[in-house]
Amino acid sequence: MNDLIELSVATKQDLKAIDALEQQCFAGHCYPDFFFRQALDCWPDSFLVAKDGDAKVIGYLLASSSAKADLAWILSIAVSDSARGKGIGTQLISQLLATLPPEVNQINLTVDPDNPAKALYLRSGFTENGFEADYFGEGEPRLLMSYFKQEHS
């Protein structure tokens, strides 16, 4: 794998690779392939991919707007096993933060309390902002984490 990383918005041609990455990272609890197709239409500017020097998708981030104009949500971040620990998640989050509409002051996400990605979010300026023991149903706890733009500008 070439170490050069390119960040860009996702395209229709990336969807098969994004779905495969989703299956790899979140098997048994992942978004269906058709969701990504619709996400491409709904949130094209906040659906980001990271590609290696061979143009292979090695990571993605999907964020969405919300009913509140000043709030956005990160719905998912995934990085391939072979690319973990190389700053890809940090680059994707940084790209999102740099391109958010000016009215967005808060970004929320949820994460399993035992997911190692929690450390990535803390390093990126997110703070724990709540906990729900059954967020996705029984036995599916999630931490609510928030990033407040004005505190990090």
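For the numbers below, each heavy atom of this structure counts, side chains included, while hydrogens, waters and symmetry mates do not.
A ring-centre distance under 6.0 Å is found for Phe36 and Tyr60.
At a threshold of 4.0 Å, the pair Lys16-Asp33 does not count as salt-bridged, since none of the basic side-chain nitrogens sits closer than that to a carboxylate oxygen.
When all heavy atoms are compared, the tightest approach of Tyr31 to Glu22 is N-OE2, 2.9 Å. Nearest heavy-atom pair, Gln23 versus Cys30, reported as atom, atom and distance to 0.1 Å: NE2-SG, 3.6 Å. Closest approach of Thr99 and Gln95 over heavy atoms only: OG1-O, 2.9 Å. The minimum heavy-atom distance linking Gln106 with Asn129 is given by the pair NE2-ND2, 4.3 Å. Shortest non-hydrogen contact noted between Ile88 and Ala50 is CG2-CB, 3.6 Å. Scanning all heavy atoms of the two residues, the minimum distance from Ser124 to Ile93 falls at OG-CD1, 3.7 Å.
You'll find the side chain of Lys118 stays beyond 4.5 Å of the side chain of Pro113, heavy atoms only. With contacts defined as side-chain heavy-atom distances shorter than 4.5 Å, the pair Phe148/Thr127 qualifies. With contacts defined as side-chain heavy-atom distances shorter than 4.5 Å, the pair Ser46/Leu96 qualifies. Side-chain atoms of Leu144 and Phe131, non-hydrogen and from C-beta on, never get closer than 4.5 Å to each other. Contact annotation: the side chain of Ile58 approaches that of Ile5 to within less than 4.5 Å [non-hydrogen atoms, C-beta and beyond]. Counting heavy atoms from C-beta on, the side chains of Cys25 and Arg84 come closer than 4.5 Å. A 4.5 Å side-chain heavy-atom check between Phe126 and Ile107 finds at least one atom pair inside the cut-off. By the 4.5 Å heavy-atom criterion applied to side chains, Ser65 and Trp73 are not counted as neighbours.
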### Val9/Leu48 under side-chain contact (heavy atoms from CB on, under 4.5 Å): CA gap, chis, key distance, verdict
CA-CA 4 Å; Val9 294; Leu48 307 174; 4.0 Å; yes

### Query
Should Thr90 and Leu120 be marked as a side-chain contact (heavy atoms from CB on, under 4.5 Å) after you check the CA-CA gap, both sets of side-chain angles, and the distance that decides it?
CA-CA 7 Å; Thr90 300; Leu120 162 68; 3.2 Å; yes

### Task
Applying side-chain hydrogen bond (donor to acceptor under 3.5 Å, both in side chains), run through Asn105 and Glu103 and close with a yes or a no.
CA-CA 6 Å; Asn105 293 314; Glu103 64 273 13; over 6 Å; no

### Message
Run the side-chain contact (heavy atoms from CB on, under 4.5 Å) test on Tyr121 and Leu109 for me, step by step, so that the C-alpha distance in whole Å, both residues' side-chain angles and the decisive distance to 0.1 Å come before the verdict.
### Response
CA-CA 9 Å; Tyr121 305 139; Leu109 61 81; 3.7 Å; yes

### Task
Give the C-alpha distance, both sets of side-chain angles, the deciding distance and a yes or no for salt bridge (Lys or Arg N to Asp or Glu O under 4.0 Å) between Arg142 and Asp134.
CA-CA 7 Å; Arg142 292 296 182 272; Asp134 56 355; over 6 Å; no

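Hydrophobic clustering, with ILVMFWY side chains joined whenever heavy atoms are under 4.5 angstrom apart, keeps Leu71 apart from Leu97. Under the 4.5 Å side-chain heavy-atom criterion for ILVMFWY residues, a single connected hydrophobic cluster contains both Leu122 and Tyr147. Criterion: ILVMFWY side-chain heavy atoms under 4.5 Å apart, direct or through other members. Under it, Val57 and Ile77 are not part of a common hydrophobic cluster. Linking ILVMFWY side-chain heavy atoms closer than 4.5 Å, directly or via other members, places Leu92 and Leu62 in two distinct hydrophobic clusters. A single hydrophobic cluster is not seen to contain both Ile74 and Trp43; linkage of ILVMFWY side chains at heavy-atom distances under 4.5 Å, directly or through other members, places them apart.
Considering CG of Leu75 and CG of Asn108, their distance stands at 11.0 Å, rounded to 0.5 Å. Atom CZ of Phe35 sits about 8.5 Å away from atom OG of Ser76, to the nearest 0.5 Å. Atom CD1 of Ile18 and atom NZ of Lys12 lie 13.0 Å apart (nearest 0.5 Å). Atom CZ of Arg37 is separated from atom SG of Cys42 by 10.0 Å, given to the nearest 0.5 angstrom. With rounding to the nearest 0.5 Å, the separation of NZ in Lys56 from OG in Ser80 is 6.0 Å. The line from CG of Asp52 to OG of Ser82 is 7.5 Å long, rounded to the nearest 0.5 Å.
In this structure, the side chain of Asp14 engages the main chain of Thr11 through a donor-acceptor pair within 3.5 Å.
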